[in-house]
Amino acid sequence: MSINLIIAEKADAGRRIAYILSEKNMHQKKSKNISYIEFDDNGEKNIMVALSGHIVESDFPESFKDWIKSDLDKLIDSEIVYNIKNKKASDALQSFNDIKRVIIATDYDREGELIGVESLKFLKNYTEVKRAKFSALTNQEIKDAFKNLIDVNYGLADSARAREEIDLLWGAVLTRFFSVTSNRLWKDFISVGRVQTPTLALIVKREEEIQNFIPEKYYQISVKFNKKIDFTARYEKDIKDKSEAESIFNDINNRDGTVKSYDREEKEVYKPVPFSTTEFLREASRLGITPSNAMKVAEKLYMSGLISYPRTDNTVYQRSIPLKSIAEKFLKSDYENEAKLVINQERIIPSRGKIETTDHPPIYPVNLPQKPLNGAYKTVYDLIVRRFLATLYKNARIESSRAEIEINGHIFVATGQRILDPGWYEIYKFRKLNEIRLPELKSGESVSGREWNLEEKETEPPKRYDIASLLKMMESLNLGTKSTRHDIIQKLNDRNFATGNPVRPTPLGIGFIKSVTSIDSDIAKPDMTAKLEKEMDEIAENKKNEIDVVNESRLMLHEVLKNFRSNRDSIKETITEYANKGEVIGKCPIDNGDISVIKYRNFEKIKCSNDECKINFNISGTPLIQLTDKKCPVCGLPLIKIIRRGQSPEIRCIDPECSYNKNTYGKCPSDGGDLIIRQSRYGKRFLGCSNYPKCTVTYPLPQKGIINSTGEVCPYCGAPLLLLINGKRRWKFCPNIKCEYNRKDKGEKAKE
DNA sequence: GCAAGGTC
């Protein structure tokens, strides 16, 4: 009997589609590692195979494996092979015989079209291929899509393949060129790509703006007035010239003012729009959750059926989403009060964002958790629920007021803000609406001055991108996609190009961008993506042919490579110079030189810029090293923090010779390791075994005072005895707080 | 070992 074969992009979507089409009458089948869903529909037998994204991946033939021996011009002209990367999916597709109709039901977007077309290669036979076009996994949408099947858009799939091949060609060729040229290979390779390199360039450019920024002085004059309450008015503009500022200040100092005008108006503060991935990650990042982490958590919440699909650009709820009944679910939850506000409205009118796409809905909660959530799961879910309810509630209303007050011919402005109706702020507690008090004033009345201030200020350099603003910038420049942007930022971290939040470039990142921009090519600019997008559209509309576009790109790459080659020496020099510079973490407390951390493959060097200085030592591994503002209790120099993945930070004195570092506070009674001071993630110090994570022995410590080792071992429990010096107090104690030693009576202790 | 794009 012949079958219809339906192909979905992911397990979840496949299950959902089968569920809808089969009217809940479907059967999960599994044989020899091949799993699929079977169901009947109008007397026809249907098989649903769910993929997991792309089945194949582009690569170069084996003969180009060696980076040093491969000729890059030959690499550019090489054929591109496609390797299977999801064997399970390809096996499943190959296992069916006698397929009548293939229905591609992947996400309705460019990559979805390619994923569908990729899968055709693995089918033994079929008589017809169709495409299901749906924008959400709802009953109506899916049924309509399968009733009105359309043709596959092979041009669209071709355009996605052109994108893939061009990315591989430029990425691999330039990655290899820069890595081999600067002799940074294997783990230390220099990675180049259409999205990551322009993103890094943004970060570096901002850093340069900050470095080159010259602050300018300016002056602000303000007056504190009183009418029943105090309020402040500021001179109408900032003043650049000091003598001008002083002359105005002299004119007004110690004088009262006269109200020239007073206006009030009611304004609405619009509620937020539904969550796209980018906006969600930005908000999560404000709550201290990194995008990578937020994405991981969101994926888990999605897989456990608590939220909708977390990868979406859409900011408009489709009509098919039952907004009200979802809000009603929260009536019986911790969100009872918030849900009530939403439900009790006469009408629920959801907010809408600017971007409306058809592949997925915005992110919204679909269910309540069975068990209470914890940690980041709780935070992310809370964010998504509150955002959802806020988009369904009402705008806030404020009254804003503005007064102009004259003193001796100079105009001062005071503003006020009063909350009339907090609206959505009651639900979305991540934002606060401030009140600024300004009394009701009448034109012509005089107000008495209380305080007259002239302040000198300095203009400030532009701010570094934080992860949230970087994501937004990438989105507006069309760099990356909703699914990849956060990965790209992570990649820049992993490759030692950029670090932290706010994001700073590393010396290597700066050096690399300097050398890659020594030649005018598009690889460090967002233009390359813009051009590619245009060409992809032309391929999709059959105005251009995929092969021609890729070949044109190859010719350009030959040219770009030629130019880079002619700069080989300076590229090598620049990258080496910057990579060896290390990152400055602060000023040397001894001679005021720069303290840098230089990263190597297996260790890091901490060094003062003054070569004679004793601050010059290595630390094993590749931990994050920070200079703290705390002083060493032994010698008074600053302490450094050494942060290793999965461990509590180790605290050391920056002076490698200081006895603070040699003080290991005794041996671990469990395995004989050294007991060292570490810091918990809440900033509390404690004693831990140096063999962590193999050994998990820890002891709490008093948070104040200097801890000294005594060289003695507790006779009761074997832990080392410690001496606490806090001002004049000295206290010998066992760090094992439950230990009998600490219960000894005072008389006995005094004797010791 | 290279990119960026899917998804887990």
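Computed from a predicted model, the values in this text were never measured in an experiment. The analysis underlying the following values was restricted to heavy atoms, covering all of them including side chains, and did not include hydrogens, waters or symmetry mates. Just so it is clear: chains get the letters A, B, ... in the order the sequence lines come, proteins before strands, and each one is counted from 1.
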Please table the atom pairs, donor to acceptor, closer than 3.5 Å between any side-chain atom in residues 57-66 of chain A and protein atoms at least two apart or in another chain.
{"from": "A:Ser58", "atom 1": "OG", "to": "A:Glu164", "atom 2": "OE2", "distance (Å)": "3.2"}
{"from": "A:Asp66", "atom 1": "OD1", "to": "A:Ile68", "atom 2": "N", "distance (Å)": "2.8"}
{"from": "A:Asp66", "atom 1": "OD1", "to": "A:Lys69", "atom 2": "N", "distance (Å)": "3.0"}

Quiz item: Among residues 163-174 of chain A, which contact DNA chain B at a heavy-atom distance under 4.0 Å?
Solution: A:Arg163, A:Glu164, A:Asp167, A:Leu168, A:Gly171, A:Ala172

Quiz item: Is atom CD of A:Glu573 surrounded by more than 12 heavy atoms (other residues, nucleotides or ligands) closer than 6.0 Å?
Solution: no

Practice problem: Remember a base hit wins even if backbone is also touched, and classify A:Ser52 as base, sugar-phosphate or nothing at under 4.0 Å, heavy atoms. | Solution: base

Practice problem: Name the nucleic acid region contacted by A:Gly112, choosing base, sugar-phosphate or nothing; use a 4.0 angstrom heavy-atom cut-off, strictly under. | Solution: nothing

Quiz item: Does A:Arg163 pair with A:Glu111 as a salt bridge, N-O distance under 4.0 Å?
Solution: yes

Would you mind writing out the side-chain donor-acceptor pairs for residues 360-373 of chain A within the sub-3.5 Å range, not counting sequence neighbours?
{"from": "A:His360", "atom 1": "NE2", "to": "A:Asp107", "atom 2": "OD2", "distance (Å)": "3.1"}
{"from": "A:Asn367", "atom 1": "OD1", "to": "A:Lys329", "atom 2": "NZ", "distance (Å)": "3.3"}

Practice problem: Return yes if a side-chain donor-acceptor contact under 3.5 Å exists between A:Asp494 and A:Gln490, otherwise no. | Solution: yes

Quiz item: If you look at every strand shown and take non-hydrogen atoms under 4.0 Å, does A:Arg495 touch a base, only sugar-phosphate, or nothing?
Solution: sugar-phosphate

Self-check item: A:Asp466 versus A:Ser469, side-chain donor and acceptor atoms under 3.5 Å
Solution: yes

Exercise. Would you classify A:Phe64 as touching base, sugar-phosphate or nothing, given that sugar-phosphate means primed atoms plus P, OP1 and OP2, and contacts are heavy atoms under 4.0 Å?
Key: nothing

Quiz item: Between which nucleotides of DNA chain B, read 5' to 3', does contact with chain A run, using atoms under 4.0 Å from its heavy atoms?
Solution: B:dG1 to B:dC8

Quiz prompt | Ring-face cation of A:Arg206 near A:Tyr465 (centre distance under 6.0 Å, axis angle within 45°) | solution = yes

Quiz prompt | Stretch residues 74-96 of chain A: residues that reach within less than 4.0 Å of DNA chain B through a heavy atom | solution = A:Lys85

Quiz item: What nucleic acid atoms does A:Arg176 come within less than 4.0 Å of, heavy atoms only: base, sugar-phosphate, or nothing?
Solution: base

Quiz item: With the threshold set at 4.0 Å, does a side-chain nitrogen-carboxylate oxygen contact exist between A:Asp151 and A:Arg131?
Solution: no

Practice problem: Go through the steps to decide whether A:Gln196 and A:Ser191 satisfy the test side-chain hydrogen bond (donor to acceptor under 3.5 Å, both in side chains), and finish with yes or no. | Solution: CA-CA 8 Å; A:Gln196 55 169 292; A:Ser191 143; 2.7 Å; yes

Quiz item: How would you label the contact of A:Glu57 with the nucleic acid (heavy atoms, under 4.0 Å): base, sugar-phosphate, or nothing?
Solution: base

Practice problem: Describe the nucleic acid contact of A:Ser58 in one word from base, sugar-phosphate, nothing, applying a heavy-atom distance below 4.0 Å. | Solution: base

All N/O donor-acceptor pairs, side-chain side in residues 524-531 of chain A, below 3.5 Å, sequence neighbours left out:
{"from": "A:Lys525", "atom 1": "NZ", "to": "A:Asp520", "atom 2": "OD1", "distance (Å)": "3.1"}
{"from": "A:Thr529", "atom 1": "OG1", "to": "A:Arg194", "atom 2": "NH1", "distance (Å)": "3.2"}
{"from": "A:Lys531", "atom 1": "NZ", "to": "A:Asp522", "atom 2": "OD2", "distance (Å)": "2.7"}

Self-check item: salt_bridge(A:Glu538, A:Lys544) N-O dist < 4.0 Å
Solution: yes

Quiz item: Mapping A:Leu479 and A:Ala11 to their closest nucleotides on DNA chain B, which lands nearer the 5' end?
Solution: A:Leu479

